[in-house]
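Following: one structure in structure tokens, then a few remarks.
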Amino acid sequence: GLALNNNQLVDITNSSIGNNFAGNSGGGLYIETSEINFSNLNIINISSGLTGGGIYLNNSTINASNLNISNNSADQEGGDTDYGQGLGGGIFASSSDLNIDNCSINSNYANQRGGGLYVVENSNLNIIDSSVSGNQAKNDVGGAIELNRSNGHVESCVVSANSASNTAGIAVISESSLNVIKTVFYDNNSYEFGRGVLHIHADSDAYAENITVSHNYSADHILSLTNDESTLAIKNSILANNQFEDSLIGNDDEDFSSNVYYDALDVRFSNIQGGWSGAHNINKEPLFSNYENRDFTLQSSSPCVDAGDP
């Protein structure tokens, strides 16, 4: 692929990068200490052994619109550490800023962590109006995204059909923070250790508003909150028709109960599968317009219409 470093400022438009291999990192793009603007770029069918099958970033900034990063992989084993192998099938980013708008990050594979994106070490991820779908973290965490000592803002996105041994959706780990707004999670599969579509762990915090979580599977919980110093707040959201083995919300040691108050968990003005204590929560069939065609808008007769906190 391409290697960019030493404070370069580069625009890449109307291009494709594909069918490459890097033994270490960044099979498509390897970017160090630079700022890159992407527009109408395809990064496809690329692999690396260690990190960043499609893109590797360190101490850099990317501004991406209409980026398609698909069918890339970081596929060596041994990625248990933050800088191990098999991390970030689509994108690996360390100490970097990622501004991603109207992009597709689909069908990427990491042997260990961050099937779609692995974002670590004081990085900032801002992703809006995008699809993160069909990615896999085979043997560990973060089928779609892992934030590790980093911050994330996810808005108006679709997070679907991702899979992982642990946390098919978004993992928020090690003093990280996440805001997720107006985003749909569906058909994600956490097939071995569970932890579902949102896993908040190790002194991390997440705020979710106007999200829909439906038709996902987890071997334990759909939402997982572990470590006493982590928090999760949910507002104006729908959790419905998910399949889980233990409880809808819980941690590694406990299945949370819907009628018990937890200091670290705040759920309000939401439609929660099975019911949940908290201000103005309900437990009703949401009446999606057409789930079979993945249309999660609401019918006019839905009990969720005008039921949120304005």
Minimum heavy-atom distance Asn6-Ser34, with the two atoms named | N-OG, 4.0 Å
For residues Ser150 and Val119, report the shortest heavy-atom separation together with the two atoms involved.
-> OG-O, 3.5 Å
Please report the C-alpha distance between Ile100 and Leu125 in whole Å, then the side-chain angles of each, then the deciding distance to 0.1 Å, and finally whether the side-chain contact (heavy atoms from CB on, under 4.5 Å) criterion is met.
-> CA-CA 8 Å; Ile100 299 172; Leu125 170 66; 4.0 Å; yes
Using the side-chain hydrogen bond (donor to acceptor under 3.5 Å, both in side chains) rule, pick out the option among Asn151, Asn63, Asn59, Asn124 that qualifies with Asp97.
-> Asn124
Any chance you could measure Asn40, atom CG, to Ser16, atom OG, to the nearest 0.5 Å?
-> 10.0 Å
About how many Å separate OG of Ser60 and CD of Glu35, when rounded to the nearest 0.5 Å?
-> 9.5 Å
Between the side chains of Asn148 and Glu146, does any donor sit under 3.5 Å from an acceptor?
-> yes
Side-chain donor-acceptor contact under 3.5 Å, Tyr118 with Gln112 = no
Exceeds 12 heavy-atom contacts within 6.0 angstrom, atom CG of Asn290 | yes
Answer yes or no: does atom CZ of Arg294 have more than 12 heavy-atom neighbours from other residues, nucleotides or ligands under 6.0 Å?
-> yes
Look at Lys235 together with Asp309 and state whether they make a salt bridge at an N to O cut-off of under 4.0 Å.
-> yes
Salt-bridge test for Glu175 and Arg149: reply yes if a basic N is under 4.0 Å from a carboxylate O, no otherwise.
-> no
With sequence neighbours left out, what residues match Ser165 under side chain to side chain contact (heavy atoms under 4.5 Å, CB included)?
-> Tyr191, Glu192, Phe193
Examine His215 together with Tyr186 and report whether their ring centres are nearer than 6.0 Å.
-> no
May I ask you to check whether Phe244 and Tyr217 place their ring centers less than 6.0 Å from one another?
-> no
What's the verdict on side-chain contact (heavy atoms from CB on, under 4.5 Å) for Ser48 and Tyr56, showing C-alpha distance, side-chain angles and the deciding distance?
-> CA-CA 10 Å; Ser48 69; Tyr56 172 92; over 6 Å; no
For side-chain contact (heavy atoms from CB on, under 4.5 Å), just list the numbers for Asn126 and Leu98, CA-CA rounded to whole Å, side-chain angles, deciding distance to a tenth of an Å, and then say yes or no.
-> CA-CA 6 Å; Asn126 181 35; Leu98 301 87; over 6 Å; no
Of Val267, Asn283, Ile282, the one forming a side-chain contact (heavy atoms from CB on, under 4.5 Å) with Ile272 is Val267
